[in-house]
Amino acid sequence: MTTATTMNAALSAEQRERLMEFAREVSFEVGDRLFEEGGRADRFWIVRTGTVALDLHVPDRQPAAVETLGHGELIGWSWHFPPYHWHLGAEAMSPVRTWEFDAEGVRKMCADDPEFGRAIAVWVGLVAADRLHASRIRLLDLYAPHGSGEWV
C-alpha cells in the first residue's frame, strides 16, 4: 500500500481530529478474526501495531491470504459502500493494536458535512484502488508472461 493511502496522508489534521472522535482502542491476539467475508461491515480499523491478513474464502480449504496490512493502514472499506457487507475476511497475524471506528457514526458525520464526507470517500476510494492494483500485479506475476506486471 502506498503512503498516500494512510489516514495521515489522505486527511487534513482537522479531519483526522474529527474522525478520531469516533475511535476506540482495540486489541486482537494472533489468530483472532476481525471479520468474515459476507458479514455485516459495521466498523473499520486503523492498524497501530502488528499485522492483519485480508483473506478470501476458498471452499474446502483454509482462507487464502490476499493482502497483509500493517502500521497506519485502513482495515476495511466495505463499511463505506452499500450494502455494507465484507468482501474479504481478516485475521490477526501477530498481536494487533488498532483504532476501531463505528461505521454508522462516521457515515452520518460524512452526510452531515459534505467536505468531510468527500475527504473520507476519496481516502477510502484510494485504499480500494490501491488494493485492486496490488491484486492485479500479483495475478500478473502468477499468470502472465515474465515482466507483464511491471509499470513502464
Side-chain angles (χ1 to χ4, degrees), residues 1-57 63-141 149-152:
M1 180 165 295
T2 64
T3 57
T5 60
T6 64
M7 177 181 69
N8 288 344
L11 302 176
S12 70
E14 180 184 321
Q15 292 164 337
R16 289 191 307 268
E17 187 175 310
R18 290 191 62 204
L19 180 62
M20 291 304 291
E21 292 172 13
F22 287 87
R24 71 181 191 105
E25 292 183 49
V26 177
S27 297
F28 300 95
E29 297 302 321
V30 174
D32 285 353
R33 299 290 297 173
L34 283 70
F35 52 87
E36 297 292 341
E37 185 177 346
R40 190 168 150 252
D42 60 354
R43 65 197 70 219
F44 62 96
W45 302 263
I46 296 173
V47 179
R48 296 175 62 211
T49 62
T51 56
V52 173
L54 298 178
D55 55 39
L56 182 65
H57 173 74
V66 296
E67 185 94 29
T68 303
L69 306 177
H71 175 73
E73 293 184 292
L74 175 67
I75 303 171
W77 51 264
S78 302
W79 65 273
H80 192 66
F81 302 102
Y84 312 118
H85 290 111
W86 296 116
H87 290 87
L88 299 169
E91 182 175 322
M93 301 308 292
S94 68
V96 175
R97 291 179 29 216
T98 68
W99 292 112
E100 181 179 85
F101 299 85
D102 172 66
E104 187 175 335
V106 174
R107 286 193 305 263
K108 182 177 179 343
M109 189 165 54
C110 289
D112 292 345
D113 180 346
E115 184 178 333
F116 179 79
R118 183 182 186 296
I120 294 293
V122 167
W123 173 42
V124 174
L126 284 171
V127 168
D130 193 64
R131 293 193 184 147
L132 288 170
H133 173 71
S135 295
R136 176 184 178 270
I137 297 300
R138 280 191 303 278
L139 287 170
L140 286 172
D141 285 345
E150 297 177 7
W151 283 95
V152 179

Salt bridge (charged side-chain N to carboxylate O under 4.0 Å, His left out): which pairs involve [range], sequence neighbours left out?
range          : result
residues 22-32 : Arg24-Glu100, Glu25-Arg48
residues 78-93 : Arg33-Glu91
residues 8-17  : none

With Trp79 via ring-ring contact (aromatic ring centres under 6.0 Å, His included) - residues at least two apart: Phe44

To the nearest 0.5 Å, what is the distance between [atom1] ([X]) and [atom2] ([Y])?
X     : Y     : atom1 : atom2 : value
Arg97 : His71 : CZ    : NE2   : 10.5 Å
Leu54 : Leu34 : CG    : CG    : 9.0 Å
Thr98 : Glu73 : OG1   : CD    : 13.5 Å
Phe35 : His85 : CZ    : NE2   : 13.5 Å

Heavy-atom closest pair, residues [X] and [Y]:
X      : Y     : result
Pro63  : Asp55 : CB-CG, 3.5 Å
Arg107 : Ala41 : NH1-O, 4.2 Å
Val52  : Ala90 : CG1-CB, 3.9 Å

Identify the residue among Leu69, Leu88, Val66 that makes a side-chain contact (heavy atoms from CB on, under 4.5 Å) with Arg131. Leu69

Please output the side-chain donor-acceptor pairs of residues 108-117 that fall under 3.5 Å, not counting sequence neighbours, one pair per line with the distance.
from   : atom 1 : to     : atom 2 : distance (Å)
Lys108 : NZ     : Asp112 : OD2    : 2.8
Asp113 : OD1    : Glu115 : N      : 3.2
Asp113 : OD1    : Phe116 : N      : 3.2
Asp113 : OD2    : Arg18  : NH1    : 2.4

Applying side chain to side chain contact (heavy atoms under 4.5 Å, CB included), can you list everything that pairs with [X], at least two apart in sequence or on another chain?
X      : answer
Ala23  : Met20, Trp99, Phe101
Ser94  : Thr51, Val96
Ala119 : Leu11, Gln15

For Glu37, all residues meeting salt bridge (Lys or Arg N to Asp or Glu O under 4.0 Å), sequence neighbours excluded: none

Salt bridge (Lys or Arg N to Asp or Glu O under 4.0 Å) partners for Asp42, two or more places apart: Arg40

Does Leu126 form a side-chain contact (heavy atoms from CB on, under 4.5 Å) with Trp123? I'd like the steps, not just the answer. CA-CA 5 Å; Leu126 284 171; Trp123 173 42; 5.5 Å; no

Side chain to side chain donor-acceptor pair (under 3.5 Å) filter on Ser78, not counting sequence neighbours, yields His87

Give the intermediate values and the outcome of side-chain contact (heavy atoms from CB on, under 4.5 Å) for residues Phe28 and Val26. CA-CA 7 Å; Phe28 300 95; Val26 177; 3.6 Å; yes

